[in-house]
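Below: the structure, in structure tokens.
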Amino acid sequence: MKNKIVIIGSNEHQNPLIIKAKEMGYETHVFAWQMGDVGEKTADFYYPISITNKQAILEKCRFIEPQGIISMASDLAAITAAYLAKEMNCIGNTPDIVEVCTNKLLFRKRLQECKVNQPAFVEVGDIFPEEKVEAIHFPVVVKPSDRSGNRGVAKACNRKEMIRALMTAKEYSFERKAIIEEYISGDYYSCECYTENGNHVLVALTKRESIEYQNNFLDYTRTQSKTMLADEEIKEKIFSVLDAVNMQNGASSVEFVKNEQGIWIIEVMPSMYGDYVSTDLVPVVHDFDYVRKSIEIACGIHSGSYNFTKVNAGSASVKFVLSQDDYKEYHNSYLAGKILHSSKFDEAQFIPGVVTGIPYGYFIKKVEK
């Protein structure tokens, strides 16, 4: 009889989990609201149940009896996976750990308690704390307190923009709360990590670039290189964050800004990061199967350590196509034989000459440095 694994989520970012688990010999049981996503077809067993319906999924899990439960690239899916893992006595981070990681406000307060360097911030709920807000100088970043990624996140350069951003952030927030925080300029990174029994391992350092479009942040380019592996100062800071949230088992991605004043922690995702960073860049640059390792941890398999400095595989980046200039870069890279993977681009597809806020696809390519 095959070992079974439960995967929360079925879109293109979770699909590598399904494919890898099947390669490893697992029978895959996938839960997600039916949207016609690719994982609905690649799963051995697909259940059209919303990932927020924990009790309904739990009832199915008691019948399935999985060896492991896992998710990636989604805070909402991570919350459900943690709940199910606890109830089914599977390996994973506890719900309280995941709650701190996925709630931006709780995360800020935890770092404050642990004296970890971070942007100044103010909580805004039903009451607007005028004096505290005035203490943070423009520009500021406004975020929903409990949503992942860039959902409802905006930069504000004056009071009018801030009030408008607050209204939007609260609409996105499940708990109708927002955070106003100091805008930190500098180089933006994420550290891809995994933790086994409380022991942290740094997998990759990813340089991240976004475009500020109409005060919102659009994903643009993610780059990894062997030469970008974190130095001891960064590693120490990242591991202090994982200790602060009590990370115990599984993958994580810690975002931070580095400038002349130091390292500023932005947020942490309690799973592998999406945008093809964990599934495509890490294997290409570091010759490490990050997806497989995450599945092994969830299923209680100890595969030993890995030497992240042993292979010099060069550099690679994933870039989102936002305009004709990006498409031309893709086309030229394709002709030069540098494309590793990409969306399917139709030659007749309309891609505007200017950024409109819509991504029209992506491509992953080798880069010189």
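The chain is numbered in sequence order, starting from 1. Computed from a prediction, not measured in an experiment: that's the story for all the values here. When reading the values below, keep in mind they use all heavy atoms of this one structure, side chains included, and skip hydrogens, waters and symmetry mates.
- Between Ser145 and the options Lys177, Glu175, Lys170, a side-chain hydrogen bond (donor to acceptor under 3.5 Å, both in side chains) holds for only Glu175.
- No side-chain heavy atom of Glu27 sits under 4.5 Å from any side-chain heavy atom of Asn3.
- Ser190 and Glu192 form a side-chain donor-acceptor contact under 3.5 Å, judged by distance and modelled atom types alone.
- For Lys155, the NZ atom is densely surrounded, since the number of other residues' heavy atoms within 6.0 Å is greater than 12.
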* **Stepwise side-chain contact (heavy atoms from CB on, under 4.5 Å) check, Asp37 with Glu12** => CA-CA 7 Å; Asp37 288 325; Glu12 63 177 324; over 6 Å; no
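- Side-chain contact, Asp275 with Tyr362: no donor N or O sits under 3.5 Å from an acceptor N or O.
- In this structure, Asn15 CG and Glu40 CD are separated by 10.5 Å, a value rounded to the nearest 0.5 Å.
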* Going through the distances and angles, do Tyr327 and Tyr360 end up as a ring-ring contact (aromatic ring centres under 6.0 Å, His included)? -> CA-CA 9 Å; Tyr327 178 75; Tyr360 293 86; over 10 Å; no
* **Verdict with reasoning, Tyr189 to Asp187, per side-chain contact (heavy atoms from CB on, under 4.5 Å)** => CA-CA 7 Å; Tyr189 296 91; Asp187 294 326; 3.4 Å; yes
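- In this structure, the salt bridge (Lys or Arg N to Asp or Glu O under 4.0 Å) partners of Asp219, at least two apart in sequence or on a different chain, are Arg222.
- The number of heavy atoms from other shown groups lying within 6.0 Å of CG (Leu335) is above 12.
- Considering Lys143, Arg108, Lys109 as possible partners of Glu123, the one that fulfils the salt bridge (Lys or Arg N to Asp or Glu O under 4.0 Å) test is Lys109.
- A distance below 6.0 Å separates the ring centres of Phe363 and Tyr330.
- Within the structure, side-chain hydrogen bond (donor to acceptor under 3.5 Å, both in side chains) pairs that include any residue of residues 68-83 comprise Gln55-Tyr83 (at least two apart or interchain).
- With hydrophobic clusters built from ILVMFWY side chains whose heavy atoms lie under 4.5 angstrom apart, Ile64 does not share a cluster with Met24.
- For Glu182, there are no salt bridge (Lys or Arg N to Asp or Glu O under 4.0 Å) partners two or more places apart in sequence or in a different chain.
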* To do: Could you check Ser315 against Val367 for side-chain contact (heavy atoms from CB on, under 4.5 Å), going step by step and ending with a plain yes or no?
  => CA-CA 5 Å; Ser315 306; Val367 295; 3.3 Å; yes
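- For Asn158, the CG atom sits in a packed shell: over 12 heavy atoms of surrounding residues, nucleotides or ligands are nearer than 6.0 Å.
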* For Leu340 and Lys366, what are the C-alpha separation, side-chain angles and deciding distance, and is it a side-chain contact (heavy atoms from CB on, under 4.5 Å)? -> CA-CA 7 Å; Leu340 301 172; Lys366 303 172 187 176; 3.5 Å; yes
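- Counting non-hydrogen atoms of neighbouring residues, nucleotides and ligands closer than 6.0 angstrom, the NE2 atom of His341 exceeds 12 such neighbours.
- Contact check for Glu329 versus Lys365: side-chain heavy atoms found under the 4.5 Å cut-off.
- Residues Arg176 and Glu171 are in side-chain contact: their nearest non-hydrogen atoms beyond the backbone lie under 4.5 Å apart.
- Residues in residues 135-188 take part in no ring pair (Phe, Tyr, Trp, His ring centres under 6.0 Å) pair, two or more places apart or across chains.
- Ring geometry for His29 versus Tyr47: interplanar angle under 30°, hence parallel rather than tilted (30 to 60°).
- Taking all atoms of both residues into account, the shortest heavy-atom contact from Lys104 to Pro144 is CD-O, 3.4 Å.
- Checked against the 6.0 Å centroid criterion, the rings of His13 and Tyr276 qualify as a close aromatic pair.
- Under a cut-off of 6.0 angstrom, the local environment of CZ in Phe128 is crowded, with over 12 non-hydrogen atoms contributed by other residues, nucleotides or ligands.
- Scanning both residues, Ala56 and Ile49, for their nearest heavy atoms gives CB-CG2, 4.0 Å.
- In summary, the side chains of Asn249 and Thr195 do not present any donor paired with an acceptor at a separation below 3.5 Å, with no hydrogens or angles considered.
- Counting heavy atoms of neighbouring residues, nucleotides and ligands inside a 6.0 Å radius, atom CD of Glu65 does not exceed 12 of them.
- Taking the six-membered ring for Trp and thresholds of 30 and 60 degrees, Tyr306 and Phe288 have ring planes inclined between 30 and 60 degrees apart.
- You'll find the side chain of Leu84 stays beyond 4.5 Å of the side chain of Glu87, heavy atoms only.
- Other residues, nucleotides and ligands contribute over 12 non-hydrogen atoms within 6.0 Å of the NZ atom of Lys207.
- No single ILVMFWY cluster, assembled from side-chain heavy atoms under 4.5 Å apart, contains both Ile57 and Trp33.
- Checking side-chain atoms of Asn215 against main-chain N and O of Ala156 turns up no donor-acceptor pair under 3.5 Å.
- The neighbour count for Lys22 NZ, taken as heavy atoms of other residues, nucleotides or ligands under 6.0 Å away, is above 12.
- Sorted by first then second residue, the salt bridge (Lys or Arg N to Asp or Glu O under 4.0 Å) pairs that include residues 244-256, not counting sequence neighbours, are Arg208-Glu255.
- Counting heavy atoms from C-beta outward, Val122 and Ile179 have side chains that stay 4.5 Å or more apart.
- Taking the side chain to side chain contact (heavy atoms under 4.5 Å, CB included) definition, one finds that Asp96 meets it with Thr94, sequence neighbours left out.
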